[in-house]
Number of protein chains: 2
Amino acid sequence: MSVLRTGASATASRYPSLPGTGSDLKPDWLDTILVGDCVAALERLPKHSVDVVFADPPYNLQLGGDLHRPDQSRVDACDDAWDQFASFEAYDAFTRAWLLAIKRVLKPTGTLWVIGSYHNIFRVGAKMQDLGFWLLNDVVWLKSNPMPNFRGKRFTNAHETMIWATPSKDTKGYTFNYEALKAFNDDLQMRSDWHLPLCTGGERLKDDNGDKVHPTQKPEALLYRVLLSSTNPGDVVLDPFFGTGTTGAVAKKLGRHFVGVERERSYIEAATKRIAAIEPAEGMVLETVKGKRAQKRIPFGSLLEAGLLKPGAELTCSRGKHRAIVRADGSLASGDFTGSIHKVGALVQGAEACNGWTYWHFTRGSLLEPIDTLREEIRSSMPR
Amino acid sequence: MSVLRTGASATASRYPSLPGTGSDLKPDWLDTILVGDCVAALERLPKHSVDVVFADPPYNLQLGGDLHRPDQSRVDACDDAWDQFASFEAYDAFTRAWLLAIKRVLKPTGTLWVIGSYHNIFRVGAKMQDLGFWLLNDVVWLKSNPMPNFRGKRFTNAHETMIWATPSKDTKGYTFNYEALKAFNDDLQMRSDWHLPLCTGGERLKDDNGDKVHPTQKPEALLYRVLLSSTNPGDVVLDPFFGTGTTGAVAKKLGRHFVGVERERSYIEAATKRIAAIEPAEGMVLETVKGKRAQKRIPFGSLLEAGLLKPGAELTCSRGKHRAIVRADGSLASGDFTGSIHKVGALVQGAEACNGWTYWHFTRGSLLEPIDTLREEIRSSMPR
DNA sequence: TGTCTATGTGAATCCTCGC
DNA sequence: CGCGAGGATTCACATAGAC
C-alpha cells in the first residue's frame with residue numbers, strides 16, 4: 001500500500017497532537033490519499049485521530065437496463081463495478097464494516113456525515129443507529145438542476161440525504177459553528193434543507209476525452225457547508241470514499257487537514273492534481289463568528305470589583321416591577337429571596353430559570369440598561 | 001371491535017369489486033374507522049382490497065427532559081405513550097408486523113406511502129426493503145414554518161421524509177398521475193421536494209379547552225398531493241394510523257374511499273365529526289392547495305460557495321469610506337466588528353439596521369457594484 | 001373597521017463546567 | 001460518576017387585544 005502526499009492543507013501553527021505519538025510531527029498519512037480498500041486502509045490510522053468524517057459510500061443503485069432520454073440518447077448511468085452488490089445483506093455487511101472502522105478512528109467528540117439516496121440511505125442510517133451512532137440531523141441537499149424523470153413514472157428525484165451523527169448518544173462538545181452558520185444565512189438559523197446546484201461546468205473534472213472522471217462528483221459548495229458547520233481550522237477530515245477529492249479540495253481551501261481513502265488509481269491521480277493546485281485561505285479570513293458561549297466567562301462579582309456597580313445598588317427588571325439590591329459578595333437580595341442574579345431573577349418571577357444578565361437592569365442617567373452591557377464593557381476592555 | 005360508519009366518500013358510480021365478494025355491495029368497513037390495534041384490525045379486511053396506503057406511524061422520538069424556548073415557555077412535546085418503545089428492536093418488530101399486515105391487504109398494483117423523521121424513517125425504509133417493497137421515491141416535506149432549534153446545537157429540523165413504494169420489485173401498472181401533477185406544478189415535473197406549511201390555524205383540530213386534539217396532525221395539503229398523485233377517483237385509501245383522520249378527510253374531498261384504523265377513542269371521535277362535515281366537492285378547485293410559489297432566498301454564504309466571492313475579498317460602502325473583509329464563513333470583519341453583512345453594515349455606520357445586500361459593494365474591473373448583483377446572477381442561473 | 005403590538009406555538013432525540 | 005449552578009438560546013404564522 002502506498003501513500004501519495006498531495007501537499008499540506010492547513011494553516012494551523014502545529015499539527016494536531018495524535019494519541020500515542022506525543023509529538024508535533026506531522027503524521028505521514030495526513031493530507032494524503034491512502035490507496036486501497038477503506039476498511040484495510042483505515043487500520044493505518046491511530047484510534048481517535050480524526051475530527052470529522054465525510055462518507056459518500058456506493059449507493060447500490062441496482063439499475064436495470066440502459067435508460068434513454070426522449071431523444072433516444074443514452075443516459076450515462078452509474079454502472080461501475082464498485083456500485084454493485086449481490087444483495088441487501090452484502091451491502092449491509094459492507095456498511096457495517098466501514099462504519100466500525102470509522103468509529104475506531106473518529107475522536108469521541110467527532111462527528112460523521114454520510115450522504116446517500118433512497119437506494120441506500122435507509123439501510124445506512126439504520127445500521128448507524130444499530131452501531132450506536134446518535135443522529136443529530138438529516139440534511140437534504142435539494143438540487144436546483146436535477147435530472148428529470150424521463151419516463152414520467154415517478155417524481156423527479158431532486159434531492160439527496162445526508163445524515164449527521166455523533167459516535168455515541170452521550171457525546172458532548174461536538175463542533176457546531178452555530179453563530180457562523182447563522183451569519184452565513186443572513187442572520188437566520190441554518191435549516192436542514194440546503195438548496196445547491198449539481199457539480200457541473202468548470203468544476204466537474206473531465207478526462208482527455210471530455211468524459212467525466214467520476215460519475216457522482218459532489219459539488220464543492222456542499223462540502224463547504226459541511227466543513228464550515230462542523231469543523232474548525234486545523235481539524236482533520238477523513239473521507240473514506242475519496243473519489244476525485246472534493247472533500248480534500250474544500251478542506252485545503254478552508255485550512256483543514258484531510259486524509260482520503262480510495263481504490264481507483266484514476267480517481268487518485270485526478271484528486272492529487274486537483275488538490276495540489278489549490279491555494280488555501282489563511283489567517284483571519286478563516287476565523288468564524290463566535291457567540292457568547294465561546295467567550296471567557298465573567299462572573300457578576302467582577303462588575304463590583306471593577307467598580308461598575310457598587311454594593312447597595314438597586315437593580316430592577318425591565319419594567320421596574322421587581323427590584324433587588326446588590327450585596328458586596330455579588331449576590332442579590334429581593335425581599336426574602338437571596339442568591340445569584342439568575343436564581344433571584346427566577347424566584348421573583350416564579351420561573352424555573354432566568355438569565356440574570358438580561359433580566360436585571362440598572363439606571364444610567366434616566367435610562368434602564370441590562371447589566372449585560374456592563375459585562376460587555378469589561379469584555380471589550382480586556383486584551384483580545 | 002366496533003365499526004363507525006362516517007358517511008360515503010366516493011363519487012364513483014359503483015363500489016370497488018373486492019376479491020371474494022363477487023358483489024357490488026359496499027363492504028361494511030369501507031369509509032369507516034376500525035377501532036383497535038392496526039395489525040389485528042387489518043385482519044378484518046380482505047386480501048388485496050386497498051389501492052393505496054398512507055401510514056404515519058409513531059416516530060419513536062426518544063425525547064429527554066423538558067425543552068424551553070428562550071422566553072422560558074415550555075415546548076409542548078409529543079410525549080404520548082403510543083410514541084414510546086423500549087428499544088430499536090421493539091420498534092423494528094412493531095414496524096415489521098404492520099408492514100406485513102399492509103402487504104396482505106394492498107393490491108399488487110397498489111402503492112404504500114410512509115412518513116417519518118430521522119428518528120424512525122431509516123429503520124422503516126430498511127425494513128420495507130427487507131420485506132420486498134420496492135422504493136419508487138423518497139419525497140421530502142419542507143416546512144415553511146418549522147419549530148426553531150432553541151439551543152443552537154443543531155440545524156433547524158425543517159423537513160420530514162415520505163417513502164413511496166410498491167409492494168414488489170416486479171409491480172407494474174401502479175397509479176401515478178404524471179400529467180395531472182405536471183399541470184398542478186405549472187407544467188413542470190413534480191419534484192421530490194414539497195414546500196408546505198405546518199397544520200395550524202383553523203385547520204388544526206382543538207378540543208373544548210382550546211388544546212390540540214392530536215400532537216402531530218398532518219396538513220391536508222400534504223395528503224392532497226399524495227392522493228392526487230397516486231390514486232384515482234373511487235380508489236380505496238387505507239390509513240393504519242388514522243389519528244384525527246386527515247387522510248380520510250382528504251380522500252372524501254377527492255372522491256376516494258377510505259378506511260382507517262385507530263386505537264384512541266378521542267381521536268376517532270374527532271375524526272368522525274370532521275369527516276362527516278365534509279362536502280365531497282366534485283371538480284374541486286385545485287388552486288387552493290397549491291404551495292406558495294417559492295421565492296428562493298439566497299443567503300450571502302452562497303456567494304462564497306458559488307465562487308463569486310472568495311474568502312479574503314474586500315467590500316466597501318458605495319463611497320469607499322467603510323471597508324470590510326469577507327471571511328470564509330460568510331461573515332464580514334471590519335476593524336473590531338464582525339458578523340453578518342447586515343450587522344457589520346449597521347455597526348460601521350452606527351445605525352440600528354442595514355441592508356447589507358445594497359450597502360456593501362465589490363470591485364468589478366474599475367467599477368463598484370453592490371453585492372446584490374451577485375445574488376441576481378445566482379438567481380438567474382437557477383431554473384425559473 | 002383598520003393597523004399595530006403583544007402573545008402563543010409547532011413530531012425536538014436541543015448545555016457545559018466544576019466540584 | 002452525579003449533582004448543582006451558570007447562563008445561553010427562536011422562526012414563521014396565527015390570533016387576540018390595544019389604540
Side-chain angles (χ1 to χ4, degrees), chain A residues 109 129 133-138 164-166 169-174 176 178-179 182 185-192 290-295 297-301 330-331 339-343 345-346 352-360 371-372 375, chain B residues 56-80 82-85 88 115-121 141 143-161 197-204 206 210-212 214-219 241 243 292 297:
Chain A
T109 57
Q129 291 181 311
F133 285 93
W134 191 246
L135 310 194
L136 297 169
N137 277 116
D138 58 338
W164 183 43
T166 56
K169 178 174 180 172
D170 308 315
T171 301
K172 304 285 174 203
Y174 60 87
F176 179 55
Y178 174 76
E179 291 83 6
K182 195 171 169 177
N185 197 35
D186 299 351
D187 289 331
L188 289 176
Q189 285 191 342
M190 188 66 85
R191 298 168 33 121
S192 58
K290 302 287 186 199
K292 288 183 175 172
R293 271 185 284 243
Q295 297 178 21
R297 197 174 79 83
I298 295 178
F300 177 66
S331 65
S340 72
I341 53 173
H342 314 296
K343 189 177 168 191
E352 288 214 356
C354 168
N355 183 342
W357 289 107
T358 50
Y359 180 75
W360 293 112
I371 55 176
D372 202 29
R375 181 169 62 160
Chain B
D56 183 9
Y59 288 9
N60 188 23
L61 285 184
Q62 305 177 68
L63 302 176
D66 279 356
L67 178 66
H68 292 86
R69 299 184 180 80
D71 65 3
Q72 304 295 346
S73 65
R74 188 177 150 276
V75 174
D76 183 17
C78 176
D79 53 2
D80 303 68
W82 51 255
D83 197 53
Q84 314 286 330
F85 292 81
F88 283 138
I115 186 168
S117 65
Y118 68 87
H119 310 85
N120 72 321
I121 198 65
W141 165 30
K143 304 175 181 181
S144 55
N145 49 348
M147 188 161 69
N149 185 285
F150 295 117
R151 305 302 291 265
K153 300 306 291 182
R154 304 181 178 196
F155 299 100
T156 306
N157 190 8
H159 74 277
E160 295 188 23
T161 301
L198 299 174
C199 178
T200 59
E203 189 186 323
R204 189 82 192 224
K206 304 279 174 62
D211 297 324
K212 56 192 178 194
H214 193 285
T216 69
Q217 185 181 342
K218 297 292 179 288
F241 307 98
K292 274 176 291 184
R297 201 173 58 78

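Below, chain A is the first sequence line, B the second, and so on; all start at residue 1.
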- What's the CG-P distance between B:Asp83 and C:dA12, to the nearest Å? 11 Å
- Task: Examine the base of C:dA11 for any acceptor or donor lying under 3.5 Å from a partner atom in the side chain of B:Lys143, and report the outcome as yes or no.
- Result: no
- Message: Going by salt bridge (charged side-chain N to carboxylate O under 4.0 Å, His left out), name the pairs with one or both residues in residues 61-73 of chain B, residues two or more places apart or in two chains.
- Response: B:Asp66-B:Arg74
- Message: With a 6.0 Å cut-off on the ring centroids, do A:Phe300 and A:Trp360 count as close?
- Response: no
- Expressed in whole Å, how much space separates the C1' atoms belonging to D:dA18 and C:dT1? 14 Å
- Message: Given the structure, check if the side chain of B:Arg154 and the base of C:dT13 hold any donor-acceptor pair shorter than 3.5 Å.
- Response: yes
- On DNA chain D, more 5' by nearest nucleotide between A:Tyr178 and A:Pro299 is A:Pro299
- Message: Taking only the P atom of each, what is the distance from D:dT9 to C:dG10 in whole angstrom?
- Response: 25 Å
- Task: Taking atom P in both C:dA11 and D:dT15, compute the distance separating them and give it to the nearest angstrom.
- Result: 15 Å
- Considering residues at least two apart in sequence or located in another chain, which fulfil the side-chain hydrogen bond (donor to acceptor under 3.5 Å, both in side chains) criterion with A:Gln295? A:Arg379
- Task: Round to a whole Å and report the spacing from CG of B:Leu63 to P of C:dA11.
- Result: 13 Å
- Query: Paired stems touching DNA chain D, three or more consecutive Watson-Crick or G-U pairs with both distances under 3.5 Å?
  - Reply: C:2-10 with D:11-19, C:15-19 with D:2-6
- Could you state the atom-to-atom distance from CZ of B:Arg69 to C1' of D:dC11 in whole Å? 11 Å
- Message: Run the ring-ring contact (aromatic ring centres under 6.0 Å, His included) test on A:Trp164 and A:Tyr174 for me, step by step, so that the C-alpha distance in whole Å, both residues' side-chain angles and the decisive distance to 0.1 Å come before the verdict.
- Response: CA-CA 11 Å; A:Trp164 183 43; A:Tyr174 60 87; 5.6 Å; yes
- Item | B:Phe150 ring over C:dC14 six-membered base ring, under 5.5 Å and 30° | no
- Item | Distance, P atom - from D:dC1 to C:dT16, rounded to whole angstrom | 16 Å
- Per atom distances to the A:Lys182 side chain, the nearest of D:dT10, C:dA11, D:dT9 is D:dT10
- Counting only distance, no hydrogens or angles, is the base of D:dG7 paired donor-acceptor with the side chain of A:Arg375 under 3.5 Å? no
- Over how many whole Å does the gap from B:Gln84 atom CD to C:dA11 atom C1' extend? 12 Å
- Note on the structure: Per atom distances to the B:Pro148 side chain, the nearest of C:dA12, D:dT9, D:dC11 is D:dC11
- Message: Between C1' on C:dA12 and CG on B:Asn120, what's the gap in Å once rounded to a whole number?
- Response: 14 Å
- Within the structure shown, what part of the strands sits under 4.0 Å from B:Asp56 by heavy-atom distance: base, sugar-phosphate, or nothing? base
- Message: Quick check: on DNA chain C, is the nucleotide nearest B:Asp71 upstream (toward 5') of the one nearest B:Gln62, or the reverse? Name the residue that is more 5'.
- Response: B:Asp71
- Task: Measure up the A:Phe176 and B:Phe155 rings against each other and bin them: parallel (under 30°), tilted (30 to 60°), perpendicular (over 60°).
- Result: perpendicular
- Message: As a test of the definition: with a 90° window around 0 for syn, would you call D:dT15 syn or anti?
- Response: anti
